[in-house]
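Quick notes on the structure that follows.
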Amino acid sequence: MWLKSLELLSRRLLMCATHHRNTVRVTSPTSLFEPTSKVLILRHDKIGDAIITLPLLRILRMHYPTLQIDILLSQHNASMSARLKQYTNHCWVYEKSPLKILALLRALRREDYDVILDPMDNASTTSSLIIQLLRCKAIGIEKSNAHVYTYLVPMLERNSVHIIERIAQTLLPFGINPKQESLELEYPLEKSLLRRAQQNLGEKTAPYRFGINISAGDRWRYWGRENFIDFIKQFKARHHDAEMILFSAPSEADEAHAIAEAVAIKAAPAVPSLDEFAAMLVQCDLLLTPDTSVVHIAAAWKVPQVVLYSRAPGLPMVWLPYQSPHRALETSSDFVSAISVESALHAAEALWQECIPKIFYPTHA
């Protein structure tokens, strides 16, 4: 039965692929929807993508308190649903299973949304298919799949405008001028989570805490065991006022413990949820991390960061910590491990001098 359904779906997709809409370009705030409209926001990608969408959701909810705002997440960022619920009515989860996709599409069709908002600034085949299958109005950023949208907003300069400001352009069809709004990130954490994080990490052994996150989700973003060990040894030798702690995803706990043992520092304990991990991260006074969702969690709490990026020539600007102190190190190599320990030490030292208050020890006669 599901094979027949999948065949019918495939035919529908082929028909949709040739369908073009009469698109309207929206370049200034224009109110196109009723205050009680039903909106579906597509965010079926990664955790970081969901975090950077929080300002957009907050602003939309503030201007339209009676709007029904639903969001479509993926299996990779469904853990963000608890952080999104204050601004959304319902979170759907897209799972890559033929039967579950069909069930999801039927459920979405029954909702009869007034508009789909797609904040992705890269063309997504999945987004395009969902928009065409649901057959409702859609808002998107001008890019290669522009034909699937009813309303197009400008693509701001990708080499100089932060991703958060680019996706905020999708607020224009709601009569909202993103330039007049606060786009600051947020990642609220309950006091109970913060207290538990303090217990998990224990008392500070030095005035300040420097967190080193080794996990980035992809092997090409991993800086390398020897780089981490060399960096920690050299920074420790220079700064006795810093307690250094290693952070990692549970799947990389063994690697974290191996590094921690080699340099005689503590590894943060494994915790079962993203929120518990985030609550420990924000206890840090400084952070070194590869490009990952950690960057945006820490930026929401204004934790100064040294961030390691790989960017091939011609690609858009990296997703920097938004409106938060940082130093960004980039390599054009495919692997972050090409970034030298010396450059990371220089960046960390500069950020430390800039953000960490000086401690004056009493002198004795």
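Bear in mind the structure is a predicted one, so any value in this text is a computation, not a measurement.
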Which atoms form the tightest heavy-atom contact between Ala348 and Phe231, and what is the distance? CB-CZ, 3.8 Å
Gap between atom [atom2] of [Y] and atom [atom1] of [X] - 0.5 Å precision:
| X | Y | atom1 | atom2 | value |
| --- | --- | --- | --- | --- |
| His44 | Tyr94 | NE2 | OH | 7.5 Å |
| Thr30 | Asn177 | OG1 | CG | 10.5 Å |
| Leu72 | Thr126 | CG | OG1 | 9.5 Å |
| Ile259 | Ile214 | CD1 | CD1 | 4.5 Å |

Residues, nucleotides or ligands: over 12 heavy atoms within 6.0 Å of [X] [atom1]:
| X | atom1 | result |
| --- | --- | --- |
| Asp254 | CG | no |
| Lys143 | NZ | yes |
| Glu34 | CD | no |
| His346 | NE2 | no |

Could you tell me whether [X] and [Y] make a salt bridge, using a distance below 4.0 angstrom between a side-chain N and a carboxylate O?
| X | Y | value |
| --- | --- | --- |
| Arg83 | Glu186 | no |
| Asp218 | Arg221 | yes |
| Lys204 | Asp285 | yes |
| Arg327 | Glu354 | yes |
| Lys38 | Asp112 | no |
| Asp118 | Arg43 | no |
| Lys266 | Glu243 | yes |
| Glu184 | Lys302 | yes |

Backbone N or O of Ile339 within a donor-acceptor pair of the Trp223 side chain at under 3.5 Å?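 Looks like yes, one N/O pair under 3.5 Å.
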Kindly state whether the ring of Tyr309 and the ring of Trp319 have centres lying under 6.0 angstrom apart.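 No, ring centres 6.0 Å or more apart.
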Centroid-to-centroid, Tyr222 to Phe228, below 6.0 Å? yes
Check the angle between the aromatic planes of [X] and [Y] and answer parallel, tilted or perpendicular using the 30° and 60° thresholds.
| X | Y | answer |
| --- | --- | --- |
| Phe33 | Phe174 | tilted |
| His239 | Trp352 | tilted |
| Trp92 | His90 | perpendicular |

With a 4.5 Å heavy-atom cut-off, do Cys136 and Asp114 have their side chains touching? no
Can a donor-acceptor pair be found between the side chains of Ser248 and His257 at a distance below 3.5 Å?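 Side chains of Ser248 and His257: no pair found under 3.5 Å.
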